[in-house]
Q: 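One structure coming up, written as structure tokens, with questions to follow.
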Amino acid sequence: MSKRVLAASIKHETHAFNRLPTTLAHFKAQQFALGDEIRAKYKGVRLEMGGFLDAAEKYGWEIHHPVCTFATPGGSVTDEAFEFFLGHLEEGLRRAGRLDGVALALHGSMVTQSHDDAEGEILKRTRAIIGKEIPVAVTLDPHSNVTRTMALHANIITAFRTSPHVDQYETALRAAAILDRAMKGEVKPRVYLARRAALNAFDSARTYTGRGPMIEALRRATEIEKTENGVLCVSVHSGFSRSDFAEVGPSVAVTGDGDHPRYQALAEALMEFGWQNRHIQTEKVMSVDEAIAIARQVTVGEKPLIVGDYGDAPGGGAYGDSTSILKALMDAGIKNAALAAMYDPDSTRKARAAGVGSTVKLTLGGKHDPDFGGGPIEVEAKVTALSDGNFVYKGPYGTGTRGSFGESAAVDIKGIQVILSTLNKGIYDLEQFRIFGIEPTDKSVLVVKCMQGHHAAFDPIGSRSIDVDSGGLTTIDIKRFPYRKVPRPTWPLDDI
Ligand SMILES: [Zn+2]
């Protein structure tokens, strides 16, 4: 008899200090599918749900999939949105009848208006319906705060092993393989969690630099899986430092077969390695001035300089409207540049109303919180393109994923092409320029609002790739945030 599995994905990365709540509309604008439409939207897409669907075929599961969603990172998820998705998950669990297993793709740093540990709440309420015996597999982002509640209710935890996260699909297959063995009664997985009092460790999960604490931790994790009897999986999490609650921080989760104190010791040893190397960051995040000095050296005809706006990354929960890099480029007279994307609905509408070929005066960006990343700048902009803002990733990151800037425009400001959007969206793929007729490989300087995810698609077309702190809401200077709930002392807020 084929095994019956329920698979669902409810994901959000929540920035505790972003003032804008994340609503149901934000989820609907990015990734949102219910029931039968999930297969049509996600089969063949290199995300976790694409992996679960393929695993179902491989293992002959009967698969139920009530909900698949995620929104651009931002402020707290509203209770309305959370209960909407939880309601679909709970109804799906009840309607599925007898289940043999559950596979959940979560992020690991979602916070809602009512729940600091939203993933813990999802798992608790899943257990309340299915009971204690049915195995639950969970995939996570490594930028996650894994809580004791999550570890208690999940049987299997495994996070992505790349950052940029180009292995979301493979991570689902890894979770599915262990889940299948558990459903057949071959193993009895349990999660053992080790944590430390820090906001961040393991080099912020970077793997694209090819060296550093995350690379070494993953090497050791693989070694443990190969050599330690009973260890089914080792998962490494850097933490998500822009959360503010009791269980923020890095962790290691060992999924072991059955109960044994050795699993906890293995998790503690690898976590201790992360703690000892918490200071190491393999990418220097430079100042805007340093970046401009490098941009001045670029000559037309060279491959583009890739400038990651690390400090104002929508993918990390920032507002996406920091002006400090754009202003510095303009002041330096740098031309043949392009920037994606400025989240400014008001300016976008003005540009769209004026139409292609018109010149408009805009008070651009910096409107959400001028203290983070600079206030609005007055510009004259020539409208070069309008778009519905919809794109499909064609590069290595989440290949096949659909996303949107909403109704949007491209404008030229003194030789810098700037994409203006009505939805806040991080930059991961060359298509996000190309839908506006901007060919990224022809540019001398490309500014992309992203922390790490862009490195997969953009570094191969660049002459050099630098990360810059524009001072936005994802600034590296986390001491600027007014943490209230994180237990003290914790590193690096306290000198421990
Ligand atoms: Zn991440």
Side-chain angles (χ1 to χ4, degrees), residues 9-16 18 22 30-31 46-48 51 69-74 77 104-111 118-119 138-146 150 157-172 174-175 199-209 212-215 217-218 235-243 248-253 274 281-283 285 308-318 320 393 395-399 401 403 424-429 448-458 467 473-474 476 478:
S9 176
I10 304 174
K11 290 172 55 172
H12 192 251
E13 185 178 86
T14 309
H15 193 310
N18 183 316
T22 303
Q30 298 302 337
Q31 301 287 317
R46 311 269 313 163
L47 295 176
E48 302 94 312
T69 193
F70 67 86
T72 296
V77 175
L104 297 176
L106 308 176
H107 188 288
S109 60
M110 175 165 29
V111 175
E119 283 85 1
V138 173
T139 63
L140 294 175
D141 190 291
H143 300 112
S144 48
N145 301 313
V146 184
M150 290 166 69
I157 285 182
T158 187
F160 311 147
R161 292 175 174 178
T162 58
S163 194
H165 311 314
V166 293
D167 67 330
Q168 304 186 35
Y169 172 87
E170 288 78 3
T171 300
R174 188 165 61 245
L199 294 180
N200 197 8
F202 296 113
D203 191 21
S204 304
R206 284 185 191 88
T207 59
Y208 69 90
T209 57
M214 188 62 174
I215 292 280
L218 291 170
S235 188
V236 182
H237 321 104
S238 69
F240 184 68
S241 59
R242 294 162 197 89
S243 292
V248 176
S251 61
V252 170
Q281 297 277 324
T282 55
E283 178 82 60
V285 180
D309 185 350
Y310 191 97
D312 185 35
Y393 293 163
Y397 186 101
T399 318
T401 306
N424 194 13
K425 185 74 191 137
I427 306 302
Y428 302 89
D429 199 278
V448 293
K449 288 188 183 288
C450 199
M451 302 175 89
Q452 293 187 18
H454 64 288
H455 285 291
F458 286 87
D467 287 355
L473 215 51
T474 46
I476 50 166
I478 53 178

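Counting starts at 1 for both ligands and their atoms, following the listed order. What you see below is based on every heavy atom in this structure, not just the backbone, and it leaves out hydrogens, waters and symmetry mates.
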Q: Considering only heavy atoms from C-beta outward, does the side chain of Thr207 approach that of Arg161 to under 4.5 Å?
A: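 The answer is no; the side chains never approach within 4.5 Å.
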Q: Between Phe458 and His454, how do the two ring planes meet: parallel, tilted or perpendicular, split at 30° and 60°?
A: tilted
Q: Identify the two heavy atoms, one from Ala205 and one from His143, that lie closest to each other, and give their separation to 0.1 Å.
A: CB-NE2, 3.6 Å
Q: Can you tell me if Asn424 and Thr72 form a side-chain donor-acceptor pair at under 3.5 Å?
A: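 No, no side-chain donor-acceptor pair sits under 3.5 Å.
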Q: Would you tell me whether Arg174 and Thr158 have side-chain atoms, one donor and one acceptor, within less than 3.5 Å of each other?
A: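 Thr158 and Arg174 do have a side-chain donor-acceptor pair below 3.5 Å.
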Q: Listing residue and atom name, which protein N/O/S atoms are closer to the Zn ion (ligand 1) than 2.8 Å?
A: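 Listed by chain and number, the nearby protein N, O or S atoms are Asp141 OD1, Asp141 OD2, His143 ND1, His165 NE2.
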Q: Consider side chain to side chain contact (heavy atoms under 4.5 Å, CB included). Of Glu119, Met110, Glu48, which one does Lys11 pass it with?
A: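 Only one of Glu119, Met110, Glu48 forms a side chain to side chain contact (heavy atoms under 4.5 Å, CB included) with Lys11, namely Glu48.
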